[in-house]
Amino acid sequence: MTEKRALFIIFGGSGDLAQRKLYPALYGLYYQGRLAKHFAVIGTARRPWTDDHYHDIIKQSLVGAPGSAHQKTEFAEHFYYQSHDVTDAAHYVTLRDLAEKLDKQYALDGNRVFYMAMAPRFFATIAEHVKSEQLLSAKGFNRLIVEKPFGRDFATAKQLNDDISQAFSEEQIYRIDHYLGKEMVQDIMPLRFANPLLGHAWSKDFIDNIQITLAEDIGVEERAGYYETAGALRDMVQNHIFQIIAMLTMEKPARYDAASIHAAKRAVLSAIKPYTPTQVHDKFVRGQYLGGDDIGLSYREEDNIASDSTVETYVAGRVDIDNDRWRGVPIYIRTGKRLKAKQSRIDIVFKPTSDNILPTVNDTHVAPNVLTLIIEPETGMHLTLNGKEIGTSDAVSPFTLDHALDQDELAKAPEAYQRLMLNILDGNKLTFTHWAELAASWHFIDAIRTVWDNDKADGLAFYNSGTMGPQQADDLLARDHRQWIWQG
Ligand code: BG6
């Protein structure tokens, strides 16, 4: 295991993301020995913190992580805090001096990771100053990590992309989608391309429909400010769900490398045509959660949410891919907050046998084969097949092959952010999104958003917290004579 060398400059170093995800992820790499002596972190934010206070914050973020207090203290000593106003050029000069000093002190080989972990409205300004105040190192690598949301529609995403591209090349930009760091999402390629059994059946000839569910039981929590401007469509569909669709439906990439995978994803995403307003009404539904005794507040009653908000906390829809492999295969998607349970899963529903000669229980149809990938919480997969009922009966009846990923191995496996952080250090862009993928998904999302923004409350379906969302989501599939495989 080789030790990595790099300086991390985290914009938003006092923030929630840094404390919940980034510091534990870096510590995970430290604990494994991937980061050892040759790394340093500069955390920047407006607050006037001292290095000592910053070290306490770092250690607090590691509560529950393995390792001794001594190890955590040693780790925290690699962290430096810089009070920083992102619009003040002079602050970048101080930052550059500190970066150069740490580069020498820790022998970092000029490798720099610039991590944007703050409000997106500052990303362009930061990138501009990083360039103009010469924070980019002349030797080693310079990598820019951009958190979501990447724009709020195509136009703002393009503007942001153009702005950061003034300072960084596409090669140097790492757009985070943490779903790409999840174990089961990373399992999609091996499943599809290392198993001819599945690979040959992976098309409209054998697959009837695909269902993607990203259900959460939590509500909006403390993120009202952001969520009121985003809604579930921007928060979950534009990024995570579209990335999952791309991984599931792309053609086999020419090679196992980032460029080939990005090309394959881009091709399939551009075969998803934006809907007309009529199609939006027919194929997408949106909902908002209600509250009640024992089930918590309704969305409109949550802190800092407008009492007449029409922001959706639930989306379900049908996505169609207009290419030879997938034409006519609906991809049903749904995501929502305050649903019955937390579960992220993919159900691939195969076509049932059309010429059955075998007896079935009560003369029903032979059940379709269903391959289910559980991304979370359990992490594993199920395959429903048909066999003979046990005993003297000849009837065909379904059974399930279950494969749960080994819990001990999983416990040792890095969390999504840690994996992504390692990929950044390795220069492995496979698990990051290319601008062209985002552009395609924004075109699709914008068409829906425009209709919903015009409709305001019309068509917004309210659902009770703790359920599987509005009835309209079931009706959507019922109209196609189908139903959701996962009923909660
Ligand atoms: C984030 C969204 O991208 O994903 C959150 O902004 C959501 O609203 C989260 O809660 C869900 O991620 P996970 O990994 O918990 O399924």
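None of the values given here were measured: they were computed from a predicted structure. Values below: all heavy atoms of this structure, side chains included; hydrogens, waters and symmetry mates excluded. Atoms within each ligand, like the ligands themselves, are counted from 1 in listed order.
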Counting only heavy atoms, tell me which of [options] gets closest to [atom].
atom                    : options                : value
atom 2 (C) of ligand 1  : Ile218, Ile176, Asp235 : Asp235
atom 14 (O) of ligand 1 : Lys148, Glu376, Lys182 : Lys182
atom 7 (C) of ligand 1  : His178, Glu147, Glu216 : Glu216

In terms of residue, atom name and distance, what is the protein heavy atom nearest to atom 3 (O) of ligand 1?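 So the nearest neighbour among protein heavy atoms is His240 NE2, 2.7 Å.
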Looking only at protein heavy atoms, which one is nearest to atom 15 (O) of ligand 1, and how far off is it?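 For this ligand atom, the closest protein heavy atom is Lys342 NZ, 3.0 Å.
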Regarding Arg175 and the six-membered ring of Phe150, is the cationic atom NZ or CZ under 6.0 Å from the ring centre and inside 45° of its axis?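 Pair Arg175/Phe150 counts as cation-pi.
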Quick one: is the NZ or CZ of Lys182 closer than 6.0 Å to the six-membered ring centre of Tyr179, and within 45° of its axis?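 Yes - Lys182 lies over the ring of Tyr179, closer than 6.0 Å to its centre and within 45° of its axis.
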For His91 against Asp85, the heavy-atom pair lying closest together: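 What the structure gives for the nearest pair is ND1-N, 2.7 Å.
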Give the atoms of ligand 1, by number and element, whose distance to some non-hydrogen atom of Met236 is under 4.0 Å.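 In order of numbering, the contacting atoms are 2 (C), 4 (O), 7 (C).
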With the threshold set at 4.0 Å, does a side-chain nitrogen-carboxylate oxygen contact exist between Asp282 and Arg479?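 No, Asp282 and Arg479 are not salt-bridged.
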SB check Lys148 Asp235 (cutoff 4.0 Å):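 Looking at Asp235 together with Lys148, the answer is yes, because their closest N to O distance falls below 4.0 Å.
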Has Tyr179 got any heavy atom lying under 4.0 angstrom from an atom of ligand 1?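 Yes, Tyr179 has a heavy atom closer than 4.0 Å to ligand 1.
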Please report whether the ring centroid of Phe242 lies less than 6.0 Å from that of Phe444.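 Between Phe444 and Phe242, the centre distance is under 6.0 Å.
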Arg223, any N or O under 3.5 Å of ligand 1 N or O: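 Yes: some nitrogen or oxygen of Arg223 is under 3.5 Å from one in ligand 1.
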